[in-house]
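If you read the sequence from its start, that first residue is 1, and numbering goes on from there. All values reported here derive from a predicted model rather than from experimental measurement. Whatever order the structure lists them in is the order used to number ligands and atoms, beginning at 1.
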Amino acid sequence: MEPVKNYINGKWVKAKSGKSFRSINPANKNEVVGVVPKSGREDIDQAVKAAREAYESWQLTPAPRRGEILFRAAEILLRKKESFGKLETREMGKILSEALGDVQEAIDMGYYMAGEGRRLSGETVPSELPNKDMKSVRVPMGVFGLITPWNFPVAIPAWKVFPALVCGNTVVFKPSSDTPVCAAKFVEVLAEAGLPKGVLNLVHGSGGEVGEYLVSHPGVDAISFTGSFDTGKHLEAICGAIHRMIVTEMGGKNAIIVMDDANLDLAVEGAIWGGFGTTGQRCTAASRIIVHKKAYKKFIERFKTAGSYLSIGNGLQRETDVGPVINESQFNKVLKYIEIGKKEGAKLILGGKAYRKGSCSKGYFIEPTIFGEVTPEMRIAQEEIFGPVVSAIKAEDLEDAIQIVNHTPYGLSSAIYTQNVNSSAIAERDLETGIVYINASTIGAEIHLPFGGIKHSGYGRKEAGGRGGALDTYSRWKVIYRDFSGQLQKAQIDK
Ligand code: UN1
């Protein structure tokens with residue numbers, strides 16, 4: 001068991017209240033992974049104060065120097081990859097190979113953002129006037145409040161913390177209370193890499209108590225949040241009222257279209273990993289499979305067979321394909337949705353129950369569940385479940401399939417399996433999601449392109465990499481005009 005602390009102004013400290021909460025292994029409720037400070041407003045106040053003070057010199061630290069610290073952090077993460085992966089599996093349940101992938105994503109983001117420290121480029125363009133030059137430069141936003149979810153407990157903090165720092169912001173980081181130990185270890189890495197005190201501060205606690213307070217804190221300049229739609233929308237409203245920039249990455253009801261000309265081996269594999277990978281707990285998870293009516297019967301048979309081979313268990317065991325869901329409330333929510341699906345008249349094809357075999361009775365395990373004959377209006381086809389539950393929907397043709405995909409409040413990721421180049425081009429154009437995959441599942445976005453969705457999936461700029469993602473989120477443009485003509489303004493304006 002790990003004793004975990006807050007990290008404020010370069011020091012590991014307890015919550016002012018002295019209270020704590022426990023982080024539990026979802027594969028074994030009896031295993032306490034960490035005892036964590038239950039912070040309050042006064043801890044946030046201190047963290048914001050430290051971040052404000054540190055901002056003065058961090059913003060003036062040359063970006064290549066800031067980048068060097070991130071490079072060192074990536075090197076340390078690489079060295080500790082195995083232990084990070086194991087900790088992640090223990091704390092949030094995803095299988096070890098996926099946990100290692102999550103850590104790798106953080107490493108990649110570290111190297112990538114370290115390099116950006118030597119670019120952070122703006123534009124220089126010619127002026128309309130002879131003796132004048134002009135340029136745009138990236139400048140930091142100030143103190144960033146970062147709120148991260150539990151499903152990618154190292155990668156998503158890395159998506160946010162690394163670009164925020166390289167752009168010259170200082171940070172108050174509030175991780176999910178389901179994965180505080182991973183967050184603390186991640187911050188430890190940055191401290192070890194030589195980050196000056198106050199530049200990155202970590203405060204643990206619940207969203208209601210400390211998250212919301214951080215978002216509305218007068219000492220904070222901008223917010224980046226990843227989590228549920230309901231929470232994100234609430235935080236957007238707070239920020240709207242106080243004129244504060246917020247970026248939100250929220251849910252998804254992502255879909256895979258399987259056309260009648262699809263390579264079914266690929267499509268079934270995509271549906272399995274998109275639907276049940278990370279136990280369906282990705283915002284990019286493929287929770288709807290929309291199958292052309294001519295391929296429907298064959299696809300369902302093969303999807304069911306492949307799903308029935310998945311092995312459920314503790315993610316540290318090599319043979320496990322599907323780990324537990326994160327906690328009791330998610331466990332109950334997913335089981336409730338399975339009941340809703342049955343009541344709505346969907347046909348249960350696979351799974352449908354909690355899984356309690358052997359030691360799995362100690363954790364929050366649910367069988368990979370497939371519903372067939374789902375109609376687009378059903379709640380299981382509209383609402384985000386965030387668990388191992390997939391709905392199969394029959395479509396008449398490509399146009400109908402695209403309409404079904406677009407007909408939800410969300411718009412994060414979508415995919416199409418087809419061998420017809422025209423169908424893929426139409427899908428690419430008409431699917432209303434931030435990310436579209438062709439002959440690949442809805443998951444697996446890479447860090448050097450922008451990540452994010454539209455409609456209820458996201459608000460504001462995009463996350464992760466690419467110039468239009470991370471850098472545009474964590475910096476703003478300042479535009480400089482310099483007149484070296486020495487002439488009166490009037491003569492210039494008249495040209
Ligand atoms: C998320 O679930 O919040 O594209 C992020 C993917 C991962 C990121 C998922 N690289 O599935």
Sort and list the pairs that fulfil ring pair (Phe, Tyr, Trp, His ring centres under 6.0 Å) and have at least one residue in residues 314-334, not counting sequence neighbours. F331-Y364
Give the ring-plane orientation class for F71 versus Y111, where under 30° counts as parallel, over 60° as perpendicular and anything between as tilted. tilted
side-chain hydrogen bond (donor to acceptor under 3.5 Å, both in side chains) against E116, all qualifying residues, sequence neighbours excluded: R119, R467
Which protein N or O atoms sit under 3.5 Å from any N or O of ligand 1? Give atom names and distances.
unit_1: ligand 1; atom_1: 2 (O); unit_2: N151; atom_2: ND2; d: 3.1
unit_1: ligand 1; atom_1: 2 (O); unit_2: C283; atom_2: N; d: 2.7
unit_1: ligand 1; atom_1: 4 (O); unit_2: G444; atom_2: N; d: 3.0
unit_1: ligand 1; atom_1: 4 (O); unit_2: A445; atom_2: N; d: 2.7
unit_1: ligand 1; atom_1: 10 (N); unit_2: E105; atom_2: OE1; d: 3.3
unit_1: ligand 1; atom_1: 10 (N); unit_2: E105; atom_2: OE2; d: 3.4
unit_1: ligand 1; atom_1: 10 (N); unit_2: A445; atom_2: O; d: 3.3
unit_1: ligand 1; atom_1: 11 (O); unit_2: R282; atom_2: NH1; d: 2.7
unit_1: ligand 1; atom_1: 11 (O); unit_2: T284; atom_2: OG1; d: 2.7
unit_1: ligand 1; atom_1: 11 (O); unit_2: G444; atom_2: N; d: 3.1

Any ring pair (Phe, Tyr, Trp, His ring centres under 6.0 Å) pairs touching residues 418-472, not counting sequence neighbours? W159-F451, F229-H456
From E384, E383, K342, residue fulfilling side-chain hydrogen bond (donor to acceptor under 3.5 Å, both in side chains) relative to Y337: E383
I'd like to know if the side chain of Q104 and the backbone of A155 have a donor-acceptor N/O pair within less than 3.5 Å. no
